[in-house]
Enquirer: 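What follows is a structure written as structure tokens; I'll ask about it next.
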There are 2 protein chains.
Amino acid sequence: MNNKKLKLTDLAKLAGVSTSTVSRALNNNPLIKQETRDKLQHLAKQHNFSLNTAASRLRSQKTNVVAVIINFDGDTEQSINDPFLLKVVGEINLALNKQGLELLLSNSFMAGDDWANYFINSRRADGIIVVGQGKSPINIEAAANAGVPLVVWGDPKTPSNYPIVGSDNFVGGRIATEHLLACGAKHILFLGDPAHAEIAERYRGYLAALAAVKASPQVVSIDITSSAAYLGINQLLVEKGLCFDGIMACSDMVALGAMKALKERYISIPNDVALVGFDDIAMADISHPSLSSIRQNTQRASVLLVEKLLAQLQGETAQSQVVDIELINRQSTKR
Amino acid sequence: MNNKKLKLTDLAKLAGVSTSTVSRALNNNPLIKQETRDKLQHLAKQHNFSLNTAASRLRSQKTNVVAVIINFDGDTEQSINDPFLLKVVGEINLALNKQGLELLLSNSFMAGDDWANYFINSRRADGIIVVGQGKSPINIEAAANAGVPLVVWGDPKTPSNYPIVGSDNFVGGRIATEHLLACGAKHILFLGDPAHAEIAERYRGYLAALAAVKASPQVVSIDITSSAAYLGINQLLVEKGLCFDGIMACSDMVALGAMKALKERYISIPNDVALVGFDDIAMADISHPSLSSIRQNTQRASVLLVEKLLAQLQGETAQSQVVDIELINRQSTKR
DNA sequence: CTGAAAGCGCTAACAA
DNA sequence: TTGTTAGCGCTTTCAG
């Protein structure tokens, strides 16, 4: 590092041009002749010069930063360790980077309840991506109503005044259940908490598939964690014995927890109980038996989230949008 | 949101004091009488006022932001999806937040090679936390040499001019291997790539444990992913048959991949092959059989990383430090 | 304990 | 196509 941090003025002097020319050149402003731009950009690199983002943000009222909030419910054990949510964050990071945007990772601890104020008024970020609807959307709604550019990963069918991108959870729940039925399951359990927005839709899909064949539903309502699933299935087996032959789990982590409980009792998967998860996390493929799952196209969703946020930053409006889902058929449902 | 974003001047007028007083009050400067401070802070809340971070960063030359770089090797498939690294990031986020610092999530794509320039010169962040040493530390070294406040999650025994916090990987590798030996394993495989800094130490620990009982080592060098492990073990079984009775895996994901390959061939775990992983991710407990593993105290490490970074920001120096590890004994090594 | 005033480093309107 | 210049909103020195 040099003794002294250069500033734009210094670079301008070195190059024998004005500061505005350097500023424009470094920002790739087409007003500046290509040749001049190249020369100045090269000079900047040579001298290890970087624009002071604080100054340029102050001046331009624009940060090129997007805040990403992982929106957990207060009362769940689902946490920052949840592999699926983290995968989504990772892919949002990539999608943002491709647009030259940076990611400020945040959570309700830092941001409090007034997201508009914390992120936007304070010029910490230009917009917000919320990962997960949670059970109560009041913070999201408040921010959206305050006019904050904001998009949400969640269930796109939820009525809202902000764009939600996510899978068609209803269809996901339905095809998962239909697949279990096709595998011969008659008594299919729904494992998950239908109070949660996305899971509620999966549950509706499950109900629809069962209704079509006049089968009756059975819910084991548990927190979205492996261990809750493990304990829930264990308890059910103790109390009622093997009263089911299929499980539609609300997530892969939940499915894997259930699987463990079954395997410990030597209940054969898929022969005695067939199992479908949701998310298609890496572990679904590596578990034994491998877990059939509904794959969510998180990569596409991330790109869409960023696009819709950019649209809002440019004053346009954006709509909720559904991304594809796909049933991945693995050993846990093969007969 | 109000029609107009308030600024400090406006708030000062409203309160009938000077801007400096408001600035000090909001920054909790003890120069200001407690009563005045309370009054002004309350007023700010009432009017939904937030300091403009861009302006204050420009003026104070301080961002209160820490960049976190997930440092993958270019030639690995290990990715942002790796559950362990993401867990570390999550815990760093918490530790930073507790100190009032924010987390800018970054990667080599955005930051390029000159981290000092990209993050510090540009005033994007005050310091850097690097998660993972990677195979080549040149970017880290360059940044440290440039005087950037920087800490690394990695192997603390690596000689370096920057503080590294992490587990004693040598001891981890040794006690894992000793545990396998104690379970009766004679031919223990090391599954992982010893070219990687942290894994190299685990490998040394493995060698030391074997040397103590005059057992001979056998390495299957693979990329740090489940599928590489699955393929690697599969191939070994095809080519040489079951020529081992224990596996010391360099990570849980790797162990789980190996486990799948074994289970598919009806090789009993732990009776035919005992298995220990590293990291103790959530899946270790939920796999069947559950996976014995070396737990790394990532929470403690995160707190230390942040402390050491803060020390550097205050001009002090900080040393590398080891955090505890713990063998978690589960079914994959029970005999 | 509080106020006045300078200036952090950049961008963009306006001028040339 | 480039230069001149004002000012973004805050913090902090210096003065009281």
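Chain identifiers are assigned alphabetically (A, B, ...) following the order of the sequence lines, protein sequences preceding nucleic acid strands; residue numbering begins at 1 within each chain. Being a predicted model, the structure only gives us computed values, none of them experimental.
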Enquirer: Go through dT2(D), dA4(C), dC1(C) for me and flag the one nearest to the S18(B) side chain.
Expert: dA4(C)
Enquirer: Rounded to the nearest angstrom, tell me the gap between atom CG in D38(A) and atom P in dT1(D).
Expert: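 Rounded to the whole Å, the gap is 13 Å.
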Enquirer: Figure out the CD/C1' separation between Q61(A) and dC10(D), and round it to whole Å.
Expert: 12 Å
Enquirer: Are any non-hydrogen side-chain atoms of I128(B) and V66(B) less than 4.5 angstrom apart?
Expert: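 A side-chain contact under 4.5 Å is absent here.
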Enquirer: Each nucleotide in nucleotides 10-16 of chain C should get exactly one letter: B, S or -. Can you fill that in based on protein heavy atoms under 4.0 Å?
Expert: BBBBB--
Enquirer: Take atom CD of Q34(B) and atom P of dT2(C), then tell me their distance rounded to the nearest Å.
Expert: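 Going from CD in Q34(B) over to P in dT2(C) covers 11 Å.
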Enquirer: Which pairs count as salt bridge (Lys or Arg N to Asp or Glu O under 4.0 Å) when at least one residue sits in residues 14-32 of chain A, sequence neighbours excluded?
Expert: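 Every pair satisfying salt bridge (Lys or Arg N to Asp or Glu O under 4.0 Å) with a residue in residues 14-32 of chain A: there are none.
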Enquirer: For R124(A) and dG9(D), what is the distance between atoms CZ and C1' respectively, to the nearest whole Å?
Expert: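 Taking CZ of R124(A) and C1' of dG9(D), I get 15 Å after rounding.
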Enquirer: Measure the distance from NZ on K13(A) to P on dG9(C) and round it to the nearest whole Å.
Expert: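 In whole Å, dG9(C) P lies 12 Å from K13(A) NZ.
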Enquirer: Is the side chain of R124(B) donor-acceptor paired with the backbone N or O of Y118(B) at a distance under 3.5 Å, no angle test?
Expert: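 Pair found, side chain donor or acceptor close to backbone of Y118(B).
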Enquirer: Reading DNA chain C from 5' onward, which residue's closest nucleotide shows up sooner: L58(B) or T36(B)?
Expert: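 Counting from the 5' end, the first nearest nucleotide belongs to T36(B).
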Enquirer: Using the salt bridge (Lys or Arg N to Asp or Glu O under 4.0 Å) rule, collect all pairs that involve residues 37-56 of chain A, keeping only residues at least two apart or in two chains.
Expert: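 Residue pairs passing salt bridge (Lys or Arg N to Asp or Glu O under 4.0 Å), neighbours aside: none found.
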Enquirer: E102(A) side chain to L104(B) main-chain N or O, any donor-acceptor pair under 3.5 Å?
Expert: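 Not a single qualifying donor-acceptor pair exists.
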Enquirer: Return the value, rounded to whole Å, for the distance between atom CG of L40(A) and atom C1' of dT1(D).
Expert: 13 Å
Enquirer: For A54(B) and for L31(B), locate the closest nucleotide of DNA chain D by heavy-atom distance; then report the residue assigned to the nucleotide nearer the 5' terminus.
Expert: A54(B)
Enquirer: Between Q133(B) and N71(B), is a side chain to side chain contact (heavy atoms under 4.5 Å, CB included) present by the stated rule, with each step listed?
Expert: CA-CA 7 Å; Q133(B) 292 171 284; N71(B) 190 30; 5.5 Å; no
